[in-house]
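See below for the structure under consideration.
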Amino acid sequence: MTSHIKKVWKITKCPECGSDDLVEDHDRGEIICQSCGIVTNENVMDRGPEWRAFTKEERESRGRVGIPISYSMHDKGLSTVIDRINRDAYGKQLPISTRLEMLRLRKWQIRTRVHSSIDRNLAQAMAELDRLTDNLHIPSQVKERAAIIYRKALDNGLVRGRSISAIAAASLYAACRATETPRTLKEVASASSVKKKDVARCYRLLLRELDIIMPVEDPIRCVSKVASKVKIPVKTQRTAIGILGEAKQRGTVSGKDPMGLAAAALYVACVLNEVKRTQKEIAEVANVTEVTVRNRYKGLKETLKLDI
DNA sequence: TAAGATAAGAGGGACAT
DNA sequence: ATGTCAGTCTTATCTTA
């Protein structure tokens, strides 16, 4: 008896590096090179039957017809379409009960299709999150958090009409804020292809629609962050914290950028303690402009009646 | 060179229409 | 739903000490 071993042409060497350490991923229809990481999806499609038959009977019973399945379609091309012609194969009008049945089936068909579109959206978003977190060196735990936020946004229909990458970036930024992972909006935006203002808009949308309460950053907590970067002595830091506490009591801190306030308070403290730091140095590490430092500095001077 | 001043523009929140 | 307004922050440029 002749054996019916499949004759399948397969690549055995990586086209990039020549290694033969290849792994097949049948679900995705790809071949991955273990040594260089190159993924190829060429020549993987197995056009022969996926079964083996050893007798004539087996061959006949296992043989089928139909188009080859396709990996590029989300359902691998296996969907059935229920059309709207309420007639049977002979063109006869269907009885009312069957018509209602078909109506129900069509409804569910559409619903499952929506489902798969959500899946595809998620897959794309997760890929984007992967890319962003990779670029920004963000721990996976924060990424998980971002993914949860994204799913919530998707469930609430916030993604419709907006770009997936914008919402993904905004979710990631929100996750960073929530976990106190120090990444600025600017950094997140520049890692993604979305403009900063769009990420900011989506971020606010997330906070509003998902009722996320984000703790407002306390300028006092920013002081040490900024101070450590420009090596300002602890004593001067304490002066700055005192200044901020005083300003807070007089209610002149709300609505201001906490980093700007911290920077200005530090600058004042430096002047008072005769620590030589320029506005520029402090503004730079606080990620605000000199002008902002000056404006806050002016405000602090007024509210505290300082003469410098 | 550091600090201050000024102007123009962006973007969003509050509020009225 | 849309427009206006006050306030914030940024960028850029010029002046002052």
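Quantities reported herein were computed from a predicted structural model and do not represent experimental measurements. Protein chains get the first letters and strands the later ones, always in sequence-line order, with residue 1 at the start of each.
- Contact between the side-chain N/O atoms of Lys256(A) and the OP1/OP2 oxygens of dT8(C) is found at a separation under 4.0 Å.
- Taking all atoms of both residues into account, the shortest heavy-atom contact from Met214(A) to Arg177(A) is SD-CB, 3.7 Å.
- Atom NZ of Lys280(A) is separated from atom C1' of dT1(B) by 10 Å (rounded to the nearest Å).
- A salt bridge links Asp218(A) and Lys248(A); the closest N-O separation between the charged side-chain nitrogens and carboxylate oxygens is under 4.0 Å.
- When the C1' atom of dT10(C) is taken as reference, atom CG of Leu185(A) falls 14 Å away, rounded to whole Å.
- Ranked by how close their nearest DNA chain B nucleotide is to the 5' end, Lys197(A) and Lys298(A) are led by Lys298(A).
- For Arg201(A), counting side-chain heavy atoms from C-beta on, the closest listed nucleotide (dT8(C), dG12(B), dA5(B)) is dG12(B).
- Look at Asp134(A) and Arg131(A) and you find no salt bridge, because none of the NZ, NE, NH1 or NH2 atoms lies under 4.0 Å from a carboxylate O.
- Between Arg204(A) and the phosphate of dG13(B), there is a side-chain N or O to OP1/OP2 separation shorter than 4.0 Å.
- What separates CZ of Arg277(A) from P of dT1(B) is a distance of 18 Å, to the nearest Å.
- One atom, CZ of Arg208(A), and another, C1' of dG12(B), lie 10 Å apart when rounded to the nearest Å.
- In the set dA2(B), dT10(C), dA5(B), dA2(B) carries the atom at the smallest distance from any side-chain atom of Thr278(A).
- With hydrogens and angles left out, the side-chain atoms of Asp257(A) and Thr292(A) include no donor and acceptor closer than 3.5 Å.
- Atom CG of Asp257(A) is separated from atom C1' of dG13(B) by 17 Å (rounded to the nearest Å).
- Of the candidates dG13(B), dT11(C), dG4(B), dT11(C) carries the atom nearest the Lys186(A) side chain, counting heavy atoms from C-beta on.
- Taking atom NZ on Lys196(A) and atom P on dG9(B), their separation rounds to 18 Å, with Å as the unit.
- Within the structure, every side-chain polar atom (N or O) of Arg294(A) is placed at least 4.0 Å from both OP1 and OP2 of dA5(B).
- Protein atom CE of Met259(A) is 17 Å distant from nucleotide atom C1' of dT8(C), rounded to whole Å.
- For the pair Thr292(A) and dT10(C), the criterion of a side-chain N or O lying under 4.0 Å from OP1 or OP2 is met.
- For the pair Tyr297(A) and dA3(B), the criterion of a side-chain N or O lying under 4.0 Å from OP1 or OP2 is not met.
- Salt bridge status for Glu246(A) with Arg250(A): present, with a side-chain N to carboxylate O gap under 4.0 Å.
- Lys195(A) places its NZ atom 13 Å from the P atom of dA10(B), with the value rounded to the nearest Å.
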